[in-house]
Novice: 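Below is one structure. I have some questions about it.
Computed from a predicted model, the values in this text were never measured in an experiment.
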Amino acid sequence: MPLETLYEYALILQFAVSPVILIALLFVSAPCGKFSRKGWGLRVNSLAAWMAMEVPAAATIAVFAVLYRDSIGWGWVFLAIWEFHYIYRTFIFPVTMNHGRKTFPLSMALTAMVFNILNGFINGTHLFRLRPVTDPSWFADPRFIVGLVLFFLGFAIHFDSDRRIQKQKPGPGHY
């Protein structure tokens, strides 16, 4: 199957599943963090689960960048932004949390791994194969500038929230 066709199917799948998951999560809390509970199958160490489920996000898009390095153009800028986020989320954030003997449902970790592989595939294919950014003037486009500002604002909020969580007394729900 051509890469373009696989990309289209992956995109359709992600757009079709997203509203279903959104609606489901309005009624059922994901069984992790403060909503941690039994009944979701085998549980594994929360630190290992977190890292395992996030690694595919950082790795998948990097694989596409390497595979299509001849056409990456200015896509390395987007790769750097993506990796900045996922290296923090995968390796820095989890080791700063108090995990103790907390566990995490393996089913949730596997679901997140699938999502992160799909997400990395879609973004990597688009950025480095289908629509590589070859014109640096694109970075003066208001859409890029506003997006970059929103990204760093969101990261600052995320970082601040992590610090607040770290200051809380670990309870039974913290992962």
Novice: Keeping R69 on the side-chain end and V66 on the backbone end, is there a donor-acceptor pair under 3.5 Å?
Specialist: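 Yes.
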Novice: What about the rings of Y86 and F91, do their centers lie closer together than 6.0 Å?
Specialist: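 Between Y86 and F91, the centre distance exceeds or equals 6.0 Å.
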Novice: Are any non-hydrogen side-chain atoms of V95 and M51 less than 4.5 angstrom apart?
Specialist: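 In contact.
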Novice: Identify the residue among I72, L67, L3 that makes a side chain to side chain contact (heavy atoms under 4.5 Å, CB included) with R129.
Specialist: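 With R129 as partner, I72, L67, L3 yield a single side chain to side chain contact (heavy atoms under 4.5 Å, CB included), made by L3.
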Novice: Which atom names give the shortest non-hydrogen contact between T90 and V55, and what distance separates them?
Specialist: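 Looks like CG2-CG2, 3.6 Å.
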Novice: Can you find a heavy atom in the side chain of I81 that is under 4.5 Å from one in the side chain of L148?
Specialist: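 Touching, per the 4.5 Å side-chain cut-off.
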Novice: Can you check whether H126's main-chain N or O pairs, donor with acceptor, with R131's side chain at less than 3.5 Å?
Specialist: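 Checking the backbone N and O of H126 against the side chain of R131, no donor-acceptor pair under 3.5 Å is found.
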Novice: If I compare all heavy atoms of P56 with all of I117, which pair ends up nearest, and what's the gap?
Specialist: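 Where P56 meets I117 most closely, the heavy atoms are CB-CG1, 3.5 Å.
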Novice: Treat each ILVMFWY residue as a node, draw an edge where side-chain heavy atoms are under 4.5 Å apart, and state whether L118 and W82 are in one component.
Specialist: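 Yes, one cluster joins them.
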Novice: So, for A58 and E83, which heavy atoms are closest and what is the spacing to 0.1 Å?
Specialist: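 Minimum heavy-atom contact is O-OE2, 2.7 Å.
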Novice: Between atom CD1 of I157 and atom CG of D162, what is the distance when rounded to the nearest 0.5 Å?
Specialist: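 Rounded to the nearest 0.5 Å, the CD1-CG separation comes to 12.0 Å.
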Novice: Could you tell me if the side chain of T96 sits less than 4.5 Å from the side chain of R163, heavy atoms only?
Specialist: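 Yes, their side chains come closer than 4.5 Å.
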Novice: Are L130 and I12 connected, step by step, through hydrophobic side chains (Ile, Leu, Val, Met, Phe, Trp, Tyr) whose heavy atoms are closer than 4.5 Å?
Specialist: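 No; I12 is not reachable from L130 via cluster members.
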Novice: Which heavy atom of T60 sits nearest a heavy atom of G120, and at what distance?
Specialist: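 The answer is CG2-C, 3.6 Å.
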Novice: With clusters defined by side-chain heavy atoms of hydrophobic residues (ILVMFWY) lying less than 4.5 Å apart, directly or transitively, does V63 cluster with F84?
Specialist: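 Linked within one cluster.
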Novice: So how far is it from L11 CG to L6 CG, rounded to the nearest 0.5 Å?
Specialist: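 Here the rounded value is 11.0 Å.
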Novice: Report whether F78 and L150 are members of the same hydrophobic cluster (ILVMFWY, side-chain heavy atoms less than 4.5 Å apart, transitive linking).
Specialist: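 Each belongs to a different hydrophobic cluster.
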Novice: Apply side chain to side chain contact (heavy atoms under 4.5 Å, CB included) to residues N45 and F104 and explain how you reach the verdict.
Specialist: CA-CA 6 Å; N45 174 277; F104 192 92; over 6 Å; no
Novice: Parallel, tilted or perpendicular: which one describes the rings of Y7 and F121, with boundaries at 30° and 60°?
Specialist: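 Tilted, since the angle between the ring planes falls between 30° and 60°.
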Novice: Look at the side chain of S71 and the backbone N and O of Y68, then say whether any donor-acceptor pair between them is shorter than 3.5 Å.
Specialist: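 Yes; at least one donor-acceptor contact below 3.5 Å.
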Novice: Using a 4.5 Å cut-off on heavy atoms from C-beta on, say whether the side chain of I61 contacts that of L127.
Specialist: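 Heavy-atom side-chain distance check passes, below 4.5 Å.
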Novice: Please answer whether the main-chain N or O of A156 pairs with a side-chain N or O of D160 as donor and acceptor at a distance below 3.5 Å.
Specialist: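 No, the answer is negative, given that no donor and acceptor are paired below the 3.5 Å cut-off.
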Novice: Between W74 and D135, is there a side-chain heavy-atom distance shorter than 4.5 Å?
Specialist: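 When only atoms from C-beta onward are counted, W74 and D135 do not touch, as no gap falls below 4.5 Å.
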Novice: Apply side chain to side chain contact (heavy atoms under 4.5 Å, CB included) to F159 and F93, showing your working.
Specialist: CA-CA 9 Å; F159 188 80; F93 162 72; over 6 Å; no
Novice: Is any side-chain heavy atom of L79 less than 4.5 Å from a side-chain heavy atom of F128?
Specialist: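 They are in side-chain contact.
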Novice: Taking the side chain as C-beta and beyond, is there a heavy-atom pair between M113 and L110 under 4.5 Å?
Specialist: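 M113 vs L110: side chains touch.
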Novice: With rounding to the nearest 0.5 Å, note down the distance linking CD1 in I21 to CG in L26.
Specialist: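 Reported to 0.5 Å precision, the distance equals 12.0 Å.
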Novice: CZ of F144: more than 12 outside heavy atoms within 6.0 angstrom?
Specialist: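 It does: F144 CZ has more than 12 such atoms within range.
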Novice: Same cluster or not: are V149 and F155 linked, directly or through other Ile, Leu, Val, Met, Phe, Trp or Tyr residues, by side-chain heavy atoms under 4.5 angstrom apart?
Specialist: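 Cluster IDs for V149 and F155 differ.
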Novice: Can you tell me how far OH of Y88 sits from NE2 of H158, rounded to the nearest 0.5 angstrom?
Specialist: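 Interatomic distance, H158 NE2 to Y88 OH, rounded to 0.5 Å: 4.5 Å.
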Novice: For the residue pair S107 and W40, what are the closest heavy atoms and their distance?
Specialist: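 In this case the closest contact between S107 and W40 is OG-O, 3.0 Å.
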Novice: Within a strict 4.5 Å, meaning less than it, do heavy atoms of the F115 and M53 side chains meet?
Specialist: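 When only atoms from C-beta onward are counted, M53 and F115 do not touch, as no gap falls below 4.5 Å.
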